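Only a predicted model underlies this, so the values are computations on that prediction, with no experimental measurement involved. Heavy atoms only: backbone and side chains are in, while hydrogens, waters and symmetry mates are out.
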Amino acid sequence: NGWLSTATIFVMVLTLLVVSSLMVMSVMTEVAVDTLKSKIDITVYFAKDTTEDKIMTLTGELNNLGVVKDIEYISKDEAILNFKEKHKNNSLLLQSLSELDDNPLQSSINIKANDPSNFANIVSFLESSTAKTLIDKINYYENQTMINRLSNFIKTVRQVGFILIIVFAMVAFLVSFNTVRVAIYSAREEISIMRLVGASNWFVRGPFLVEGLLYGLTASLVAMIIFYPSLSFAAPYIDAFLPKADIYNYFKANFFQFFAIISGVGMGLGTLSSFIA
């Protein structure tokens, strides 16, 4: 069944290339998401009479929640220096600021969460804690739309990737299944003779299971031969879009783990479909 075997391996190669591409997309998505996460935070502004000790106490309570990645404290003096640096070309604004008797800016903390979905819990804690009286404003609600969109984007990418893998795996499974069924049908006379002379079920099944295993192994090797040169070609374009990704070197450094996953998926599909056939 040369043509059927070739078709089976070809479909399995496509399936494994989809799995490989989704793994690349997963790494790229994680890098992009981490970059976005590092830029998303919420700022808590404190009332003017709030002391630094009280702010540090609240910071400690936030760290104990287990969902906070980093907290940056900005004092009133730091805030005014940052403001002046940001508007150093606006002489009128700086002159107006110098005429004030008191620093009009507030102390604040910038909070970064382990996951964007944690911000809602952090804000709930701040609004229900005893420190609520110290807080003048939380800018979470201005950033809430962006935070929710990021969370939904992460979920959508993972769900679409999972569905694509399932669809292609089912196609590869069915093609492999039908190929082995045809092989069994073609060898029906030989199988009958084997049974007549006392061959067990597993003795008869063995060659077909090996056939499915070889389909998966061959498809894995072909997929790797196609994948790495393609990734090497695409890497400069990916790095230009996501400089921190370094996709090619990442997969090169994890070659054996990656090959083990692809081979496991390929041989698993081939053996399972042969077993059921």
Side-chain angles (χ1 to χ4, degrees), residues 1-30 155-234 247-248 250-277:
N1 301 289
W3 286 109
L4 278 173
S5 297
T6 302
T8 302
I9 292 170
F10 177 73
V11 174
M12 279 194 171
V13 168
L14 289 179
T15 302
L16 296 177
L17 286 175
V18 170
V19 173
S20 303
S21 301
L22 289 172
M23 291 175 72
V24 172
M25 287 296 296
S26 177
V27 173
M28 291 175 60
T29 301
E30 289 299 324
K155 291 178 183 176
T156 301
V157 168
R158 288 172 179 166
Q159 288 171 354
V160 170
F162 180 74
I163 291 169
L164 282 175
I165 289 175
I166 293 296
V167 169
F168 275 86
M170 286 298 297
V171 172
F173 173 85
L174 291 172
V175 173
S176 178
F177 173 84
N178 287 324
T179 303
V180 175
R181 291 286 289 180
V182 171
I184 292 170
Y185 182 77
S186 300
R188 61 191 181 282
E189 292 181 1
E190 290 87 344
I191 293 171
S192 297
I193 294 170
M194 291 169 70
R195 295 304 302 273
L196 287 172
V197 297
S200 66
N201 285 341
W202 281 108
F203 187 84
V204 176
R205 290 170 182 163
F208 298 108
L209 292 175
V210 173
E211 183 179 350
L213 185 71
L214 289 175
Y215 286 155
L217 181 59
T218 305
S220 303
L221 293 171
V222 174
M224 294 295 285
I225 291 170
I226 296 173
F227 176 75
Y228 269 89
S230 301
L231 185 62
S232 176
F233 174 77
I247 291 291
Y248 182 72
Y250 174 83
F251 279 93
K252 187 177 177 181
N254 296 281
F255 174 83
F256 292 105
Q257 295 92 321
F258 181 65
F259 180 68
I261 292 171
I262 295 302
S263 299
V265 173
M267 290 189 291
L269 274 174
T271 306
L272 178 64
S273 57
S274 298
F275 177 77
I276 293 174

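Scanning all heavy atoms of the two residues, the minimum distance from Ser220 to Gly216 falls at OG-O, 2.7 Å.
Note that CE of Met12 and CG of Leu17 are 13.5 Å apart. Values are rounded to the nearest 0.5 Å. Here the CD1-OG1 distance, from Ile9 to Thr6, works out to 6.0 Å after rounding to the nearest 0.5 Å. For the atom pair OH of Tyr215 and OG of Ser274, the computed distance is 7.5 Å after rounding to the nearest 0.5 Å. Annotation: the span from Arg181 atom CZ to Ile276 atom CD1 amounts to 11.0 Å, rounded to 0.5 Å. Rounded to the nearest 0.5 Å, atoms CZ (Phe208) and OG1 (Thr271) are 14.5 Å apart. Taken from CD in Gln159 to OG1 in Thr156, the straight-line distance is 6.0 Å, to the nearest 0.5 Å.
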For residues 252-270, run the donor-acceptor check on the side chains, cut-off 3.5 Å, and write out each pair with its distance to 0.1 Å, sequence neighbours left out.
{"residue": "Asn254", "atom": "ND2", "partner": "Tyr250", "partner atom": "O", "Å": "2.7"}
{"residue": "Ser263", "atom": "OG", "partner": "Phe259", "partner atom": "O", "Å": "2.8"}

For residues 226-234, run the donor-acceptor check on the side chains, cut-off 3.5 Å, and write out each pair with its distance to 0.1 Å, sequence neighbours left out.
{"residue": "Tyr228", "atom": "OH", "partner": "Phe251", "partner atom": "O", "Å": "2.8"}
{"residue": "Ser230", "atom": "OG", "partner": "Ile226", "partner atom": "O", "Å": "2.7"}

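A distance-only check finds no donor-acceptor pair linking the side chain of Arg195 to the backbone of Ser192 [under 3.5 Å].
Annotation for Arg205: atom CZ counts as buried by contact number, over 12 foreign heavy atoms lying within 6.0 Å. Open room surrounds CD on Glu189; 12 or fewer heavy atoms of other groups in view lie less than 6.0 Å from it.
Considering only heavy atoms from C-beta on, Leu209 comes within 4.5 Å of Trp202 through its side chain. Leu14 is not listed as a side-chain neighbour of Val18, based on a closest heavy-atom distance of 4.5 Å or more.
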